[in-house]
Amino acid sequence: MPELPEVETVRRGLAPVFEGGRLARVEARRPDLRFPFPPRFVERLEGQRVDTLRRRAKYLLAGLNSGETLLMHLGMSGSFRIEDGDVATPGEFHHPRSGASAHDHVVFHFETGARVVYNDPRRFGSMTLIEAGELATHPLLRDVGVEPLGPDFGAERLLALLAGARTPLKSALLDQRRIAGLGNIYVCEALHRARLSPLREAGSLSRPRARALAAAIPQVLQEAIEAGGSTLRDHRQADGALGYFQHAFAVYDREGAACRHRRCAGTISRIVQSGRSTFYCPQCQL
DNA sequence: GCTGTAACCTGTCGGC
DNA sequence: TGCCGACAGGTTACAG
């Protein structure tokens, strides 16, 4: 499911429950997700207070008062929902396509009575604990690239990140070691907005084209966050609400439809790059 | 090194 | 209606 806007939307929804909340009990209903849970996973969480809930790339990081950090990734189909005590909040939803609770793998019970349930049918998500002081060097985080919504991102940084890369621009932008948080949808959307072909060699960008792309990426992400992310199949906000950015897609999943750029008579095409669908307008994305 | 592919797992959808 | 293959928002191990 989730790219940066969806993860950020989830973070904002969970923060009021997590931040300042104390974990009274944690249920891990299976031994693993994508990876096995770390040793004594539940015991290390129970009794802890969550001080902060942050996002880095597509990861959620819950800072615990023990100094450890709970690292969570939603994979392709992961989602959280908040339940309030014995009575579901109005926003609670039964996942429409996940087969009810069969895929509720982790449940966080807070002292307030609130519960946060992690559901993940495909189990590509992951959770682990990182010890104090090891965040920067942890294998899952140490190679993660620049935050596209952060102050360090811009045209010059983008040019440096892509310099010499022979791979297609689409593939380079999906590489989390370069830019952190972009996924298939928002790479397609940002390339269309910047009028750049996904097939173009990544290292071939001129400075003006890099400026256009460096502007388009945060624009698209910010607009998606404001829309609550994109709901295709799985993504819900933590309160159960849908995201709405899918209605604003210019290219993603619009094969055969008319290009939305002014004065472009092109038709959106779908091709496959690195085994994944790319949507673009061959007429105006050069 | 860099790059592309296959694999992980489950559910959905379209075609026959 | 039922079966089968293709496909899905991500990441990583591996081969070339």
Side-chain angles (χ1 to χ4, degrees), chain A residues 1-10 29-36 55-60 71-80 94-105 118-128 138-145 161-190 198-203 220-221 224-225 227-237 242-249 251-256 270-279:
Chain A
M1 139 178 95
E3 304 182 33
L4 188 155
E6 288 74 36
V7 177
E8 179 60 26
T9 299
V10 168
R29 297 180 173 174
R30 49 176 301 122
D32 57 10
L33 291 170
R34 180 181 180 82
F35 310 115
R55 179 193 58 75
R56 172 78 171 107
K58 299 171 190 171
Y59 289 99
L60 290 170
L71 187 72
M72 301 176 280
H73 195 293
L74 300 172
M76 290 278 266
S77 60
S79 63
F80 286 96
H94 292 288
H95 202 288
R97 309 191 188 197
S98 67
S101 63
H103 302 295
D104 288 350
H105 303 309
Y118 177 72
N119 180 288
D120 188 355
R122 294 178 71 180
R123 300 203 306 275
F124 287 169
S126 60
M127 290 190 195
T128 194
H138 191 276
L140 291 175
L141 294 176
R142 68 185 174 208
D143 297 323
V144 168
L161 288 168
L162 299 178
R166 308 291 305 273
T167 195
L169 187 51
K170 159 88 182 296
S171 305
L173 295 177
L174 280 176
D175 184 347
Q176 302 298 297
R177 294 169 299 182
R178 291 189 164 95
I179 303 175
L182 295 179
N184 208 33
I185 291 177
Y186 299 106
V187 166
C188 291
E189 293 297 315
L199 298 162
R200 165 191 285 272
E201 192 173 282
V220 167
L221 295 175
I225 290 171
S230 302
T231 298
L232 301 186
R233 293 167 189 79
D234 297 308
H235 171 64
R236 300 270 185 152
Q237 301 180 50
L242 299 170
Y244 289 97
F245 192 71
Q246 68 277 11
H247 301 300
F249 288 165
V251 285
Y252 189 83
D253 206 21
R254 293 193 68 241
E255 182 182 17
R270 173 185 175 274
I271 59 173
V272 175
Q273 292 179 286
S274 306
R276 311 193 63 188
S277 290
T278 297
F279 298 89

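Within every chain, numbering begins at 1; the chains are lettered A, B, ... in the order of the sequence lines, protein sequences first and strands thereafter.
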For a quick test of reading the model, state the closest non-hydrogen atom pair linking [X] to [Y] and the distance between them.
| X | Y | answer |
| --- | --- | --- |
| A/Y118 | A/G125 | OH-CA, 3.6 Å |
| A/E189 | A/Y252 | OE2-N, 2.8 Å |
| A/R178 | A/L161 | NE-O, 3.1 Å |
| A/E3 | A/G183 | OE1-N, 2.7 Å |

Q.
To the closest 0.5 Å, what do you measure between CZ (A/R29) and NE2 (A/H103)?
A.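 Output value for this atom pair is 13.0 Å.
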
Q. How long is the span from the CG atom in A/N119 to the OG atom in A/S77, to the nearest 0.5 Å?
A.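 Answer rounded to 0.5 Å: 7.5 Å.
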
Could you tell me how far apart [X] ([atom1]) and [N] ([atom2]) are, to the nearest whole angstrom?
| X | N | atom1 | atom2 | result |
| --- | --- | --- | --- | --- |
| A/E255 | C/dA8 | CD | C1' | 15 Å |
| A/K58 | C/dG10 | NZ | C1' | 6 Å |
| A/F35 | B/dC8 | CZ | P | 14 Å |
| A/L74 | B/dC9 | CG | P | 19 Å |
| A/L33 | B/dT10 | CG | C1' | 14 Å |
| A/L60 | C/dG10 | CG | P | 15 Å |
| A/L232 | C/dC7 | CG | C1' | 13 Å |
| A/D175 | C/dT12 | CG | P | 11 Å |

Q. Does A/R122 make a side-chain donor-acceptor contact with the base of C/dA8, cut-off 3.5 Å?
A.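 Under the 3.5 Å cut-off, the side chain and the base do form a donor-acceptor pair.
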
Between [X] and [N], is there a contact of a side-chain N or O with OP1 or OP2 at under 4.0 Å?
| X | N | value |
| --- | --- | --- |
| A/H103 | B/dG11 | yes |
| A/S171 | B/dT3 | no |
| A/H73 | C/dG10 | no |
| A/Q176 | C/dG10 | no |
| A/R166 | B/dC2 | no |
| A/T167 | B/dG4 | yes |

Applying a 4.0 Å non-hydrogen cut-off, can you work out what [X] is touching in the nucleic acid: base, sugar-phosphate, or nothing?
| X | value |
| --- | --- |
| A/S126 | nothing |
| A/P168 | sugar-phosphate |
| A/Y252 | sugar-phosphate |
| A/R34 | base |
| A/Q273 | nothing |
| A/L4 | nothing |

Q) In terms of ring plane angle, is the pair A/Y186 and A/F245 parallel, tilted or perpendicular, where the classes change at 30° and 60°? A)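 A/Y186 vs A/F245 ring planes: tilted.
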
I'd like the [atom1] distance from [M] over to [N], given in whole Å.
| N | M | atom1 | value |
| --- | --- | --- | --- |
| B/dG1 | C/dT11 | P | 22 Å |
| B/dC9 | C/dC3 | P | 24 Å |
| B/dA6 | C/dA6 | C1' | 16 Å |

Q: Identify which nucleotide among C/dG10, C/dC7, B/dT3 has an atom closest to any side-chain atom of A/E3, counting heavy atoms from C-beta outward.
A: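 So the nucleotide nearest the side chain must be C/dG10.
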
Q: Ignoring the backbone of A/Y59, work out which of B/dT3, C/dG10, C/dT12 is nearest its side chain.
A: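 Nearest nucleotide to the side chain: C/dT12.
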
Q: Determine if A/F124 stacks with B/dC9; use a centre-to-centre distance below 5.5 Å and an interplanar angle below 30° as the criteria.
A: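 No, aromatic ring not over the base.
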
**Q.** Bracket notation of DNA chain C in which parentheses pair within the strand, [ ] cross earlier pairs, and | pairs with another strand (Watson-Crick or G-U, under 3.5 Å)
**A.** .|||||||.|||||||

**Q.** CZ/A/R30: more than 12 non-hydrogen atoms of other groups inside 6.0 Å
**A.**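 Atom CZ in A/R30 is packed in, count exceeds 12.
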
Q.
For a 4.5 angstrom cut-off between non-hydrogen side-chain atoms, does A/K58 reach A/Q176?
A.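 Yes - at least one pair of side-chain heavy atoms lies under 4.5 Å apart.
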
